[in-house]
Visitor: 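Sending over a structure as structure tokens; questions will come in a sec.
Worth knowing before you read on, the calculation uses all heavy atoms, side chains too, and leaves out hydrogens, waters and symmetry mates.
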Amino acid sequence: MKRYYQPEVETMPREELRRLQSERLVKQIRHVWDHVPYYRKKMEEKGVTPDDIRGVEDLAKLPFLSKADLREAYPYGLCAKPLSECVRIQSTSGTTGRRVVAFYTQHDLDLWEDCCARAITAAGGTNEDVCQVCYGYGLFTGGPGLNGGSHRVGCLTLPMSSGNTERQLQFMEDLGATILCCTPSYAAYLAESAIESGRIGNLKLKAGIFGAEAWTEEMRHDIEEKLGIKAYDIYGLTELSGPGVAFECEEQRGMHINEDHFIAEIIDPVTEEVLPYGEKGELVFTAITKEAFPMIRYRTRDICVLRDEPCSCGRTHIRMSKPMGRSDDMLIIRGVNVFPSQIETVLLNCGMPANYQIVVDRVNNTDTFDVEVEMTPETFSDTVAEITKKENELGGALRTMLGITARVHLVAPKSIARSEGKAVRVIDKRKLY
Ligand code: DLL
């Protein structure tokens with residue numbers, strides 16, 4: 001069985017890999033300096049020029065890039081290629097400030113698809129496989145990324161996108177899907193539905209590639225057992241292309257980072273000090289091959305651990321642990337990134353005071369998402385029918401903003417508990433980390 005999609009880089013000796021990274025980093029820094037005034041200004045402020053960057057050892061001289069920079073430079077300010085050379089954008093949901101809009105040249109798409117092809121091959125995928133992709137297609141990177149990777153491997157690709165579980169199961173059965181790509185919570189839901197509908201015995205699945213949200217080892221075992229497959233984790237973010245920044249191999253112990261494209265660092269999120277491998281901190285990436293949307297020392301806000309111990313699969317690229325939390329207030333609900341500030345914006349736009357509480361839980365492997373909103377003394381006196389109407393209006397506005405459905409409950413004024421005078425905005429009951 002083919003074990004690697006690009007064996008020469010996936011198993012490259014580490015000294016050689018570091019040389020390759022250095023070469024690409026030097027070139028990339030020159031590229032952003034020459035083409036992105038925003039980066040040049042940031043580098044000048046830190047007193048560093050491309051001449052100071054001779055290799056990976058000089059990485060720490062460069063300034064960090066954060067979501068705040070993306071917001072400030074929205075939409076074109078960090079694009080390093082003329083738009084005439086860009087062929088695609090992908091994006092996350094959100095308000096103008098929170099939305100990430102990433103640009104791709106054709107070359108960027110090719111490399112991204114290679115990364116996803118590596119993940120599929122590591123999960124045992126070949127041109128004999130039928131790969132069912134039920135990540136969302138469209139602006140979200142999940143569908144397009146895995147779709148491209150699946151084509152490259154030569155799998156028969158089923159571009160299902162998300163939702164319509166009955167149809168998903170029917171195709172899975174009729175076309176004999178062997179690889180399933182979706183969020184882990186949707187995989188668990190599909191498994192339960194397949195059991196309930198009696199289809200489970202007719203499925204040919206052997207592997208699943210699940211990511212975009214946190215999932216535990218318990219959840220992995222549950223999905224593996226129910227679907228009779230091996231479940232592999234995959235990590236990525238829109239800013240860096242999408243899925244395929246890192247992926248699991250057959251060892252299922254951490255995700256190999258595609259280090260020929262992304263240099264990873266772990267920092268203390270408060271002091272910004274670079275930490276050694278093995279220590280827990282915030283993951284920072286430098287994309288060294290991306291042309292249109294380079295990302296230098298980008299702070300992901302994902303908390304995790306990097307390990308450089310050799311892996312029995314033969315890949316030499318270091319591994320990251322599953323993300324263990326975030327250093328900001330972003331929640332991932334049913335695979336969708338949600339910031340409390342987005343909910344605040346919706347409430348204010350709908351004429352409600354922003355006294356609210358988000359309650360997230362995971363019931364039967366599916367995220368529940370409730371938003372409790374305090375009424376004003378005036379609205380409190382409204383009839384039940386009026387309150388229900390307002391709840392529906394808010395629910396609709398939240399769906400438009402976030403792309404997922406929340407249950408909205410209007411509650412009595414001052415009924416949301418305050419601690420030290422400050423309302424607790426998020427109650428996350430899921431035990432994900
Ligand atoms: O979620 C890309 C993706 C699609 C990854 C499909 C894997 C599969 P964004 O919507 O930009 O991109 O969200 C990125 O999601 O910073 C993490 O916090 C979280 N995340 C992604 N993969 C994992 C994972 C896609 N395997 C944010 N485990 C990241 C835990 C993950 N969290």
Visitor: Would you compute the distance between atom CD of E291 and atom CG of L109 and round it to the nearest 0.5 angstrom?
Guide: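 Reported to 0.5 Å precision, the distance equals 10.0 Å.
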Visitor: Does the side chain of D108 pick up a donor-acceptor pair with the side chain of T105 at under 3.5 Å?
Guide: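 There is such a pair between these side chains.
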Visitor: Does the distance from a Lys or Arg side-chain N to an Asp or Glu carboxylate O, for E386 and K389, drop under 4.0 Å?
Guide: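 So E386 does not pair with K389 through a salt bridge.
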Visitor: Should we count NZ of K46 as having more than 12 external heavy atoms under 6.0 Å?
Guide: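 Yes - once you tally the heavy atoms of other residues, nucleotides and ligands closer than 6.0 Å, there are more than 12.
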Visitor: Using a strict cut-off of less than 4.0 Å between a Lys/Arg side-chain nitrogen and an Asp/Glu carboxylate oxygen, indicate whether K226 and E192 qualify as a salt bridge.
Guide: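 Yes, K226 and E192 are salt-bridged.
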Visitor: Would R299 and E272 pass as an ion pair if we require N to O under 4.0 Å?
Guide: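 Judged by the 4.0 Å cut-off on N to carboxylate O distance, R299 and E272 do form a salt bridge.
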Visitor: Count the heavy atoms of every other residue, nucleotide or ligand shown that sit under 6.0 Å from CZ of F171, and state whether that count exceeds 12.
Guide: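 No, CZ of F171 has 12 or fewer neighbouring heavy atoms, counting only those of other groups under 6.0 Å.
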Visitor: Checking E265 side chain against V284 main chain: does a donor-acceptor pair fall under 3.5 Å?
Guide: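 Not a single qualifying donor-acceptor pair exists.
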Visitor: Can you confirm whether Y137 is buried at OH, in the sense that more than 12 heavy atoms of other residues, nucleotides or ligands lie under 6.0 Å from that atom?
Guide: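 For Y137, atom OH is crowded (more than 12 foreign heavy atoms under 6.0 Å).
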Visitor: For the residue pair F262 and F285, does the interplanar ring angle fall in the parallel (under 30°), tilted (30 to 60°) or perpendicular (over 60°) class?
Guide: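 Plane angle over 60°, so perpendicular.
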Visitor: Any chance the side chains of N164 and Q168 put a donor and an acceptor closer than 3.5 Å?
Guide: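 The criterion, which ignores hydrogens and geometry beyond distance, is not satisfied for Q168 and N164.
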Visitor: Please answer whether the main-chain N or O of R297 pairs with a side-chain N or O of T286 as donor and acceptor at a distance below 3.5 Å.
Guide: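 A pair under 3.5 Å: yes.
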Visitor: May I ask you to decide if G335's main-chain N or O and E213's side chain share a donor-acceptor pair within less than 3.5 Å?
Guide: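 Side chain of E213 to backbone of G335: a pair is present.
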Visitor: Answer yes or no on whether R334 is positioned over the face of F369, meaning its NZ or CZ is under 6.0 Å from the six-membered ring centre and within 45° of the axis.
Guide: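 No.
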Visitor: Determine, using ring centers only, whether Y76 and F103 are less than 6.0 Å apart.
Guide: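 Judged by ring-centre distance (under 6.0 Å), F103 and Y76 do meet the cut-off.
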Visitor: Quick one: do D367 and R430 make a salt bridge, cutoff under 4.0 Å?
Guide: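 Result for this pair is yes, salt bridge flagged.
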Visitor: CD/E344 to CG/N349 distance, rounded to the nearest 0.5 angstrom?
Guide: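 Atom-to-atom, E344:CD and N349:CG are 11.0 Å apart.
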Visitor: Do D329 and R425 meet the salt-bridge criterion of a basic N to acidic O distance under 4.0 Å?
Guide: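 Salt bridge flag = no for D329 with R425.
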Visitor: Would a distance-only check, ignoring hydrogens and angles, find a side-chain to backbone donor-acceptor pair under 3.5 Å from Y38 to G77?
Guide: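 Looks like no, no N/O pair under 3.5 Å.
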Visitor: Is NZ or CZ of R118 both nearer than 6.0 Å to the six-membered ring centre of Y5 and within 45° of the ring axis?
Guide: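 Pair R118/Y5 does not count as cation-pi.
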Visitor: Does the distance from a Lys or Arg side-chain N to an Asp or Glu carboxylate O, for E45 and K42, drop under 4.0 Å?
Guide: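 K42 and E45: not salt-bridged.
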Visitor: Below 4.0 angstrom, N of the basic side chain to O of the carboxylate: do K67 and E239 qualify?
Guide: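 E239 and K67: salt-bridged.
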Visitor: With distance as the sole test, does E248 use its side chain to make a donor-acceptor pair with the main-chain N or O of I234 at under 3.5 Å?
Guide: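 Absent.
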Visitor: For the residue pair W215 and F210, is the inter-centroid distance of their aromatic rings smaller than 6.0 Å?
Guide: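 Distance test on ring centres: under 6.0 Å, yes.
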Visitor: Before accepting this row, confirm whether a basic side-chain N of the pair R319/E251 lies closer than 4.0 Å to the acidic partner's carboxylate O.
Guide: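 A salt bridge links R319 with E251.
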Visitor: Counting only heavy atoms not in R14, do more than 12 fall under 6.0 Å of its CZ?
Guide: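 Yes.
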